Amino acid sequence: FMQSYTSCLPHSFSLPLTSNEHLFCSVVLIDHGSVTVSSRSRKIRQTPFLCIMCDSFVDCPPLGLESMRVHDSQIRASSTLRTGLGPHRGRLNIQSGIEDGDMYDGAWCARHEDKNQWLEVDAVHLTKFTGVILQGRNSIWSWDMVETYKVQLSNDSYKWQTCMNGTQEAIFQGNLNTETPVLALLPVPTVARYIRINPQTWYSNGTICLRAEILGCRVKVSNDNLDFRHHNYKDMRTLMKSVNDECPNITRIYTIGRSYMGLKLYVMEISDNPGKHELGEPEFRYVAGMHGNEVLGRELVLNLMQYLCQQFKEGNERIVRLITETRIHLLPSMNPDGYEVAYEKGSELAGWADGRFSYEGIDLNHNFPDLNNIMWNAQEKALEKSQDTSKVPNHYIPMPEYYTNEDAMVAPVTRAVINWMEEIPFVLSANLHGGELVVTYPYDCTRDWAPKEDTPTADNAFFRWLATVYASTNLVMSNPDRRICHYEDFQRHNNIINGGAWHTVPGSMNDFSYLHTNCFEVTVELSCDKFPHASELPVEWENNKESLLVYMEQVHRGIKGVIRDKQTKKGIADAIIKVDDHEHDIRSAEGGDYWRLLNPGEYKIIVWAVGYFPSMRRCTVGMEPRATICDITLTKTPAEVLKQIRARGGKVPQDVQLRVRALRLKKLRASTKVLNQRRESQRLSRHSSKARAAARKA
Ligand SMILES: [Zn+2]
């Protein structure tokens with residue numbers, strides 16, 4: 001039965017079922033794509049609870065010495081009598097050849113006869129060991145077996161602990177004959193990675209020989225009760241709905257558009273006041289599944305919304321603060337059409353590119369307007385005219401005309417996301433991908449079409465900080481012993497890299513975000529495997545949980561405040577906030593509030609708005625992860641006041657008239673002074689050249 005189950009696994013769906021505990025304790029019935037799991041005593045309808053149900057069974061399944069699931073390389077021994085009696089032969093029920101002494105003998109046998117001999121099994125994962133099954137040597141000619149033994153456990157195979165029975169080392173009963181398997185349960189099931197069988201006494205006329213099986217359950221990797229499985233479009237919608245039902249006060253589902261095939265782009269908003277932008281509260285977004293076959297981000301984002309809802313309800317202080325102070329938007333699937341293609345094929349058979357593109361074959365991460373080259377061309381033109389290139393803006397670059405054409409090759413989902421980016425004053429975002437383990441920061445597009453070249457933004461230091469925050473808290477990336485995914489060693493760069501330094505990507509979402517809006521965005525490549533098997537999802541959640549949380553908290557770095565009209569105290573929208581010596585401005589939102597992500601330091605902030613005098617203020621950003629409040633009030637120019645009064649058809653008050661007149665006079669005086677100075681210097685130079693000419697003649 002299990003074989004038929006296993007063979008249909010990659011085609012239709014995936015279940016969290018690689019570890020043997022499930023095979024042992026559950027029966028899986030497959031019925032038209034939906035799954036019913038029944039265990040011995042109860043029926044379980046939802047697969048995610050499988051792990052939990054099975055974990056509660058005391059009798060864990062065999063690791064697989066007999067079935068060969070445990071590889072030869074996982075079994076070691078203190079010594080070996082002969083190659084044919086090596087540790088790899090210490091497997092329950094293994095049969096010897098007819099003659100002793102060949103390569104295929106019927107047990108592991110130690111070379112020495114003392115109490116220091118052992119057979120060691122590496123379970124690879126943390127395992128709750130519950131028992132050992134022991135058997136003697138299979139042989140026509142010899143009679144060897146272990147009568148009593150101890151068990152040792154270890155997490156690293158260096159430091160060992162002997163299994164105790166109360167205060168004494170436990171002595172387990174072994175075999176009375178060579179063939180009957182004897183089960184011994186550990187007094188206390190113990191979690192470890194390595195286990196040793198350590199013979200104490202053995203059949204007196206024989207030597208130390210044994211065959212064994214180990215019982216153990218793979219330890220549940222996550223304590224969070226989340227829906228760990230792959231969610232297709234329908235399942236995703238159902239899950240989001242259930243989160244919304246569970247936490248109606250802090251969640252809201254909305255859509256930002258449709259895919260080419262008509263699937264909706266669902267967004268989960270999480271905030272203490274869903275549906276509203278609150279003055280001063282920064283907006284954050286995670287976008288996943290831009291490449292439909294890079295599915296881990298989608299599941300992590302779905303895990304994240306469940307987790308935030310559960311933890312908020314439980315009063316987890318960190319989560320409550322995050323949700324109260326931030327408006328979080330989660331888009332789990334930007335390319336739902338592509339995802340469905342990959343999902344159909346499953347985690348192993350989807351290959352490397354099935355489902356990456358949109359239905360029309362567009363790579364969405366090349367589909368945003370290429371504002372980089374517009375900016376660089378403008379800079380070059382300025383250079384030709386020997387103008388200051390720093391005057392060419394690298395912010396709020398408008399969309400190029402070709403892009404807004406009806407028939408431009410722009411995916412509907414790209415347009416939907418652009419509208420979304422323009423509508424909400426996002427401050428920080430991450431774009432979740434897969435297939436590598438690295439965090440990349442803009443620019444993604446190199447200058448002059450170089451295939452790869454470090455191409456930093458004006459905010460390079462902060463972007464490197466952002467990337468580091470994610471990479472250094474991710475449990476896989478930060479593990480110094482991890483292997484490289486394919487061929488590039490990103491660990492050399494602490495798992496972060498400038499996008500352009502990796503490979504150029506014109507029209508990326510991150511670059512567009514930076515050059516067209518206030519929002520800073522990095523790309524996270526979450527895992528070597530683009531479509532991890534469902535059984536890996538709990539581990540991946542644990543690998544990324546802290547990173548996902550701590551990255552969101554970075555939205556509260558730098559300075560923030562409200563730009564207000566001095567007189568009316570009303571917020572001023574679209575004011576330009578400039579950091580001195582820093583060539584990237586941001587703008588205030590609808591209510592005059594703004595957020596400027598900055599590393600710790602002292603900054604001179606200059607603010608402009610149409611119809612106002614510019615204003616300057618010094619603000620200091622500290623080390624603590626809280627934004628420094630830096631409110632600024634602007635004074636309307638008298639001309640603007642006049643204009644507004646006239647527009648209302650009102651009478652101009654005398655003081656305003658006087659101020660306007662005084663200002664005009666001041667301006668006139670200043671310009672006259674400049675004019676006079678210029679005339680004077682011209683006169684002098686004419687005079688001196690005449691003098692020189694006269695001198696030459698003379
Ligand atoms: Zn990707």
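Numbers here simply count residues along the sequence, with the first being 1. Computed from heavy atoms alone, side chains included, the values below leave out hydrogens, waters and symmetry copies. Atoms within a ligand are numbered from 1 in the order they appear, just like the ligands themselves. The structure displayed is predicted, hence computed values, not measured ones.
Remark: Glu553 does not engage Arg321 in a salt bridge, criterion side-chain N to carboxylate O under 4.0 Å. Ion pairing between Lys560 and Asp593 fails under the 4.0 Å rule for side-chain N and carboxylate O. Looking at Arg229 and Glu299, no side-chain N of the basic residue comes within less than 4.0 Å of a carboxylate O on the acidic one, giving no salt bridge. Between Arg447 and Asp454, no side-chain nitrogen of the basic residue sits less than 4.0 Å from a carboxylate oxygen of the acidic one, so the salt-bridge criterion is not met.
Neighbours of the Zn ion (ligand 1) restricted to protein N, O or S atoms under 2.8 Å: the count is 4.
Judged purely by distance below 3.5 Å, without hydrogens or angles, the side chains of Glu542 and Ser222 pair a donor atom with an acceptor atom.
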Task: Pair Glu281-Arg327, salt bridge (Lys or Arg N to Asp or Glu O under 4.0 Å): steps then yes or no - done: CA-CA 7 Å; Glu281 198 171 292; Arg327 192 175 175 212; over 6 Å; no
